[in-house]
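Side-chain atoms are counted along with the backbone in the values below, which use heavy atoms only and exclude waters and symmetry mates. Predicted model, so just to flag it, every value in this text is computed and none were measured. In the text below, chain A, chain B and the rest are named by the order of the sequence lines, each starting its count at 1.
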Amino acid sequence: MSKEKMKGISVKKSEDFSRWYTELIQKAELADIRYNIKGLVPYRAWASVSIKRMYDKYEKCLEKKGHLPLIMPTLIPERNFLLEADHVEGFSPQVFWVTHGGEKKLEERLALRPTSETALYQMYSLWIRSYNDLPFKRYVSGQVFRFEGGDTRAFFRAREFHWIESHDVFATEEEARQQVIEDMETTYEMLQDEFAIPIIFFQRPEWDKFAGAVHTYAADALMDSGRVLQLPSTHLLGQNFSKPFNVTFMDKNNEEKYGYITCYGPAISRIYGAMISLLGDDQGLVLPWDLAPIQIVIIPIYRADTKELVLEKARELTHLIDDLIDNAYIKLDDRDYVSPGEKFNEWELKGVPLRIEIGPKDIENNQIVAVNRISGEKIRVKQDELNNYIETYSENFTKLLKEKYSIQFESQVEIANTVEEVKKIIGENKIACTGFCSIDLDGEPCAEIIEKEVKAQVRGKRADAETHKFEKCVVCGNPAHETVYVARSY
RNA sequence: GGCCGGAUGGUCUAGCUUGGUAUGGCCCCUGGUUUGGGACCAGGAGAUCCCGUGUUCAAAUCACGGUCCGGCCA
C-alpha cells in the first residue's frame, strides 16, 4: 500500500481532529464545501440518507408525544420581527434580508427565517381561541438561515442549517414547565438512545439564554476530547411572546388569558455532525445501525476460475438475507474492476455496520466471513446460523456503540474551589464544578472573568438534581447561590 | 477592527526571486491482465494560472487596485 494512493483518511482522529473531520466529509462523500456561498453546503447522498432517517425518528417521537406537523413559510415580514424586543436584539445581526422582488425594491424587508417564533405566533393567535384548543403542540421541520460571522464548518456551524422546531402553548406555567421536561426526555431518547451521543442538560445562565426566553435549557454533548458541544435546547418562553403576538384563549370563566409558550429546537444537521465526529474512527465513518444508508455489504472474493461460482453464490446469499432480515438494506458489491482490499476500505470509510465476505473456501465449508465495523473482528459463520447471527448483530450494534462512547458525566467532572483550580481542571480536558454567586445577570461579570482567565464558559447549572454545594462564588467570594459547571466548548 | 500569508486541471502541487510552449501525483475515462486487506501495464481526457488595470515584443511570473480564502492578534 502506498501512502500517496490512499483514498482513505490520511490522519489519525486523535492526532489532528480538524483535518480528520475535513477528510471524512470529503472522502466519505458526506458534503461538498465547494458550493460558492460561504456557510451554505450541499449534503451528498450518503449523509442525506442518514439525516432523513434522523428526521424521521425525531418526527415520530414528537408525534407520539402529541405534536402535529406544520409547514410554514420561509420568509417573515420585518414588522413581525420587531414585536419582541429581546428577540429582535438577539437575532437582528444574524438575519439574511430579502429586499427585492425581481428588480423592484420591496416596501418591507422580508427575513429569511432564523427561527420561526415570529412567523408562527401570529398564526397561533388566530388558531387558538379557547382552553379547548390547549395544549396546542406543533412542530416544523425545515431549514433556517443565520448570518454567522467567523468560521463555518459543514454540519456544525453553517449559515443555513436543518432542524425541527416545536412550539407549544399551554394554559398554565406549570404545564409549560412540564413540557420543558418532556423536551429534555425526548432529547435523551433521541440523542443518547438512538444516536449514541452522551449528553447532559444545563439551565443556561441569564446572559446566555435564547433571545426572548424566560429560561433556556440546553444539552451539551460530552465529546471524548473533554470539550462540550451545544446541541438541542428547549426554552420556556412564558408569556414573553404570547403578549406581543396576542396568543390568547378564553378560559372556563369566559376570561381572556395569555398562553404560556415553550419552544424546542433540535438541529438535525448539527446533531449529525456531532454524531459522526464522536463515533467515527481512523478508518472513517461509524453509524448506528438504523442510520446507516446500507447495513450489510456483501463482498465476493474469487479468481478467474471461481468467478462464476462465487458470484452466483453471493447473489443467492444476498437474496436470502434480503428475504429474512427486514431491518436492513443489503448491497452486493460485485464490481469486478475494484480489488477486494479497496472494497473493504471503502465500505469501512462509509461506515457500513456489517461486512460479509464470501469466497471459494467459504463455499466449500458452507460458511461466510463476517466483519464487525466497530471492532474490526472477523468471524466465520455457518450458513445455517447466519439468520440468527445477523439478527443478534443488528440488535446489539447500536447498543455496543453506545457503550463504547458512553461517558459518565460525573467521571468528567472535578470540583474546583479557586479560579486556579478551574484553570487546572480545564487544562486537563475536564469539566469543572464550582460555586457561583448567581446565574442571573448580576453574575455575568464573574463569568466574564472566568472566560478571560480560563478561556472556558460557564455552561450553567444542572437541569436535574444537584448534589454539590459551595459556600462562596469561585470568582468574587460572595455567597454561592448556585453550583455551576465550567467547560470548554466547540 | 489590526497585522501577516495564500489563490495554478475535479483534487493536491511544481514553476514566480531572474518575464518566453505550465510540472508531477491522486481522482476520472479506454483497452488488457488481475481479485482472501488500498493490483499492474499501456493509452487518454482534463487549466480563462482568482478578477481588473498597468509595464512589456512577450505576464502564472513584475507593479497597482479589487475579490475570496486561511492564520495570528485585539
Side-chain angles (χ1 to χ4, degrees), chain A residues 1-12 16-42 44-46 93 147-154 156-159 281-286 297-315 317 331-383 448-449 451-453 455:
Chain A
M1 177 180 74
S2 95
K3 247 205 158 103
E4 284 177 0
K5 284 190 180 173
M6 283 233 302
K7 289 187 206 168
I9 298 173
S10 66
V11 290
K12 286 193 187 313
D16 188 347
F17 173 80
S18 181
R19 202 167 141 203
W20 174 87
Y21 185 77
T22 307
E23 285 196 23
L24 176 70
I25 283 184
Q26 234 177 65
K27 294 184 171 174
E29 300 185 322
L30 304 179
D32 197 326
I33 57 172
R34 291 172 302 182
Y35 192 76
N36 50 353
I37 301 178
K38 183 179 164 66
L40 273 59
V41 179
R44 304 187 65 176
W46 200 254
F147 187 76
E148 308 273 1
D151 293 347
T152 54
R153 164 152 275 195
F156 276 124
R157 186 174 296 110
R159 287 179 171 180
D281 61 21
D282 292 342
Q283 254 50 256
L285 201 59
V286 179
V297 65
I298 295 173
I299 299 187
I301 290 155
Y302 49 77
R303 295 173 173 279
D305 56 335
T306 51
K307 181 170 178 178
E308 281 316 313
L309 171 72
V310 172
L311 276 179
E312 193 187 322
K313 205 74 188 161
R315 280 187 210 111
L317 185 67
K331 183 179 176 63
L332 170 64
D333 188 349
D334 57 0
R335 291 177 295 173
D336 60 1
Y337 52 91
V338 180
S339 68
E342 187 162 347
K343 289 178 185 174
F344 298 163
N345 285 289
E346 194 176 312
W347 294 115
E348 281 166 11
L349 175 64
K350 293 219 157 184
V352 172
L354 176 61
R355 180 171 83 238
I356 290 175
E357 303 170 13
I358 182 161
K361 283 180 242 166
D362 302 312
I363 292 170
E364 244 171 69
N365 297 320
N366 229 352
Q367 66 181 25
I368 55 95
V369 174
V371 187
N372 185 306
R373 178 61 185 87
I374 302 176
S375 62
E377 186 190 20
K378 284 190 180 188
I379 67 162
R380 279 162 239 288
V381 181
K382 290 287 176 197
Q383 292 244 4
E448 278 169 2
I449 289 167
E451 172 98 43
K452 204 169 171 203
E453 299 270 313
K455 297 203 189 314

Paired with Glu348(A), the side chain to side chain donor-acceptor pair (under 3.5 Å) test is passed by just one of Arg355(A), Arg373(A), Gln283(A), namely Arg355(A)
With RNA chain B as reference, determine whether Asp362(A) or Gln26(A) sits nearer its 5' end, using the nearest nucleotide of each.
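Whichever sits nearer the 5' end wins; that is Gln26(A).
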Distance to the ring centre below 6.0 angstrom and angle to the axis at most 45 degrees; does that hold for Arg153(A) and Tyr21(A)?
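Output no; distance or angle outside limits.
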Is the terminal nitrogen or CZ of Lys12(A) (NZ for Lys, CZ for Arg) located under 6.0 angstrom from the six-membered ring centre of Trp20(A) and within 45° of that ring's axis?
no
Would you say Ser339(A) reaches A39(B)'s phosphate, i.e. side-chain N/O to OP1/OP2 under 4.0 Å?
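Checking Ser339(A) against A39(B): at least one side-chain N or O falls below 4.0 Å of OP1 or OP2.
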Donor-acceptor pair between Asn372(A) and Glu377(A) side chains, under 3.5 angstrom
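Result is no, nothing qualifies.
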Minimum-distance nucleotide (side-chain atoms of [X] versus [options]):
X         : options                : result
Arg34(A)  : G10(B), G37(B), U35(B) : G10(B)
Ile301(A) : G36(B), G38(B), G37(B) : G36(B)
Lys378(A) : G38(B), G36(B), G37(B) : G37(B)

Length of the line joining [X]:[atom1] and [N]:[atom2], which is rounded to integer Å:
X         : N      : atom1 : atom2 : result
Ile358(A) : U35(B) : CD1   : C1'   : 16 Å
Asp336(A) : U33(B) : CG    : C1'   : 13 Å
Leu309(A) : G36(B) : CG    : C1'   : 15 Å
Arg335(A) : G38(B) : CZ    : P     : 16 Å
Arg19(A)  : G70(B) : CZ    : C1'   : 15 Å
Glu348(A) : G38(B) : CD    : P     : 12 Å
Ile363(A) : G36(B) : CD1   : P     : 15 Å
Glu342(A) : U35(B) : CD    : P     : 16 Å

Taking Lys38(A) for the side chain and Ala158(A) for the main chain, is one N or O donor matched with an acceptor at less than 3.5 Å?
no
Can any side-chain N or O of Lys378(A) pair as donor or acceptor with the backbone N or O of Val371(A) at less than 3.5 Å?
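No, the answer is negative, given that no donor and acceptor are paired below the 3.5 Å cut-off.
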With a 4.0 Å cut-off on heavy atoms, is [X] in touch with a base, just the backbone sugar-phosphate, or nothing at all?
X         : value
Glu23(A)  : nothing
Lys38(A)  : sugar-phosphate
Pro360(A) : base

Using atom [atom1] in both nucleotides, what's the gap between [N] and [M] to the nearest angstrom?
N      : M      : atom1 : answer
U30(B) : U13(B) : C1'   : 26 Å
A22(B) : A14(B) : C1'   : 9 Å
A60(B) : G52(B) : P     : 12 Å
G9(B)  : U17(B) : C1'   : 26 Å
G10(B) : G2(B)  : P     : 35 Å
C41(B) : C57(B) : P     : 49 Å
A74(B) : U48(B) : C1'   : 40 Å
U23(B) : A45(B) : P     : 14 Å

Determine, for Glu23(A) against Arg19(A), whether the closest basic-nitrogen to carboxylate-oxygen distance falls under 4.0 angstrom.
yes
Salt bridge Arg159(A)-Glu148(A), side-chain N to carboxylate O under 4.0 Å
no
Give a yes or no on whether a donor-acceptor pair under 3.5 Å exists between the nucleobase atoms of G37(B), that is its base, and the side chain of Arg355(A).
yes
Between G38(B) and Gln283(A), counting only base atoms on the nucleotide and side-chain atoms on the residue, is there a donor-acceptor pair under 3.5 Å?
no
Report the stems of RNA chain B as range-with-range entries sorted by first number; a stem here is at least three consecutive pairs, Watson-Crick or G-U wobble, both distances under 3.5 Å, and write none if there are none.
B:1-7 with B:67-73, B:10-12 with B:24-26, B:28-33 with B:39-44, B:50-54 with B:62-66
Enumerate, atom names and distances included, each donor-acceptor pair closer than 3.5 Å involving a side-chain atom of residues 297-315 of chain A, sequence neighbours excluded.
unit_1    : atom_1 : unit_2    : atom_2 : d
Thr306(A) : OG1    : Arg303(A) : N      : 2.8
Thr306(A) : OG1    : Arg303(A) : O      : 3.2
Lys307(A) : NZ     : Asp336(A) : OD2    : 3.3

